[in-house]
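So the structure is just underneath, and the comments pick up after that.
Labels below follow one simple rule: chain letters A, B, ... track the order of the sequence lines, proteins then strands, and each chain is numbered from 1. Owing to the predicted nature of the structure, the values given are computational and were not obtained by experimental measurement. Computed from heavy atoms alone, side chains included, the values below leave out hydrogens, waters and symmetry copies.
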Amino acid sequence: MKLDSSFYERDTPAVAKALLGCQLISRVGGESATTSGVIVETEAYLGGGDPGSHASKGRTPRTETMFGEPGRAYVYLIYGMYYLLNVVTEPVGTAGAVLIRALEPVEGIDIMKERRKCQPVKNLTTGPGKLTQALGITIEHNTLDLTQDLIWIEPYTTGDVQGSSRIGVSDGQALRYFIKGNPFVSR
DNA sequence: CGCTGGATGCCT
DNA sequence: GGCATCCAGCGC
């Protein structure tokens, strides 16, 4: 059962925690190319008051998605070569997004290996730039509705949630969340 | 192991 | 110039 827009239309840290243990499913490349994994690591990015967030400087063409409808994908390019997948949260007009940082692979592992050109399963989806490659997600999926049938998220399992500071953001906030003890968490 | 640097392009 | 990254190559 897909998560619907009411799931995403909440405060961002709550969504970031609730996404842990859910399954992210991609049918990019067709139904026979289905790839999926359990979300084991997320980060919350808030609106104007959050210096680590793209939305902290207000609306720009790039960050427009973060202010839009909850349950959409916010995808952007980083370091010239990696796409990062976020899920838009909060009501329309309020900025917020959850970065998906790591998955535990479930379906389509051979397809993921082919896309990523690597052998060890651990390397397939641990890291935000790696999991988008494995699931075939690119900039063309920015603003995609995640309650539809190309890329979506479903409840799957549960685990102990632990918090920490976000990777590469040195403020005091504990807005990174991960499943305690899961070997596919990054770092 | 851990550390360093390069690839590469869009952002403000 | 900086960046919500990754990997190869090096030295210990």
Side-chain angles (χ1 to χ4, degrees), chain A residues 8 11-20 22 24 26 35 37 39-68 70 72-90 94-105 109 112-144 146 151 153 161-179 182-187:
Chain A
Y8 300 107
D11 73 275
T12 309
V15 176
K17 281 180 267 193
L19 281 173
L20 294 174
C22 293
L24 172 62
S26 165
T35 46
I39 299 171
V40 298
E41 180 179 351
T42 60
E43 284 180 1
Y45 286 88
L46 316 180
D50 179 3
S53 172
H54 290 169
S56 64
K57 298 183 186 75
R59 287 190 185 230
T60 66
R62 181 206 209 187
T63 61
E64 190 59 27
T65 313
M66 281 188 77
F67 291 82
R72 301 276 179 151
Y74 170 45
V75 181
Y76 67 93
L77 180 69
I78 190 71
Y79 298 112
M81 55 178 75
Y82 296 103
Y83 297 105
L84 269 54
L85 171 66
N86 300 252
V87 173
V88 176
T89 58
E90 310 273 358
T94 303
V98 175
L99 172 67
I100 310 298
R101 282 199 57 90
L103 304 177
E104 176 171 344
I109 290 174
M112 296 187 198
K113 285 180 176 173
E114 203 172 307
R115 285 176 177 156
R116 297 223 55 247
K117 301 192 197 322
C118 77
Q119 288 309 310
V121 172
K122 161 80 174 164
N123 289 339
L124 285 173
T125 55
T126 290
K130 296 199 273 190
L131 70 90
T132 51
Q133 257 181 26
L135 269 56
I137 295 168
T138 70
I139 196 67
E140 72 186 90
H141 302 113
N142 187 38
T143 75
L144 182 78
L146 298 175
I151 302 168
I153 306 175
V161 175
Q162 191 165 335
S164 78
S165 59
R166 292 173 291 183
I167 307 290
V169 182
S170 55
D171 60 2
Q173 308 189 83
L175 292 175
R176 172 175 175 252
Y177 307 100
F178 55 94
I179 294 181
N182 186 287
F184 294 91
V185 172
S186 71
R187 289 288 173 100

> Can you check whether A:Tyr82 stacks with the C:dT5 base, using ring centres under 5.5 Å and planes within 30°?
Replying inline: no
Can you check the [X] [atom1] to [N] [atom2] distance for me, whole Å?
| X | N | atom1 | atom2 | answer |
| --- | --- | --- | --- | --- |
| A:Leu84 | C:dC3 | CG | P | 15 Å |
| A:Lys122 | C:dC7 | NZ | P | 12 Å |
| A:Ile167 | C:dC6 | CD1 | C1' | 14 Å |
| A:Phe178 | C:dA4 | CZ | C1' | 17 Å |
| A:Glu43 | C:dT5 | CD | C1' | 12 Å |
| A:Leu124 | C:dC6 | CG | P | 13 Å |
| A:Asn86 | C:dA4 | CG | P | 11 Å |
| A:Lys117 | C:dC6 | NZ | P | 17 Å |

What does [X] touch in the nucleic acid at a heavy-atom separation under 4.0 angstrom: a base, only the sugar-phosphate, or nothing?
| X | value |
| --- | --- |
| A:Gly168 | nothing |
| A:Thr60 | sugar-phosphate |
| A:Arg62 | sugar-phosphate |
| A:Arg116 | sugar-phosphate |
| A:Gly80 | base |

>> Both distances below 3.5 Å, Watson-Crick or wobble geometry, any strand: find the nucleotide opposite C:dA4.
In response: none
>> Only pairs with both distances under 3.5 Å count, Watson-Crick or wobble alike; so what is the partner of B:dT8 in this structure?
In response: none
> So with a 6.0 Å cut-off around CZ of A:Arg187, is the heavy-atom count from everything else above 12?
Replying inline: no
>> Does A:Glu114, at its CD atom, have more than 12 non-hydrogen atoms belonging to other residues, nucleotides or ligands within less than 6.0 Å?
In response: no
> So where does chain A start and stop touching DNA chain B, 5' to 3', when the test is distance under 4.0 Å to a non-hydrogen atom?
Replying inline: B:dA7 to B:dT12
Answer with yes or no whether the side chains of [Y] and [X] bring together a donor and an acceptor at under 3.5 Å.
| X | Y | answer |
| --- | --- | --- |
| A:Tyr83 | A:His141 | no |
| A:Thr60 | A:Thr63 | yes |
| A:Arg176 | A:Ser164 | yes |

> Quick one: side chain to side chain donor-acceptor pair (under 3.5 Å) pairs with a partner in residues 122-135 of chain A, sequence neighbours left out?
Replying inline: A:Arg116-A:Gln133
>> Both A:Asn123 and A:His54 contact DNA chain C. Which one's nearest nucleotide lies toward the 5' end?
In response: A:His54
> To the side chain of A:Tyr79, which of C:dC7, C:dA4, C:dT5 is closest?
Replying inline: C:dT5
> Nearest 0.5 Å, what's the CD1-CG distance between A:Ile100 and A:Leu131?
Replying inline: 7.5 Å
>> Consider side-chain contact (heavy atoms from CB on, under 4.5 Å). Of A:Leu175, A:Val87, A:Leu46, which one does A:Thr12 pass it with?
In response: A:Leu46
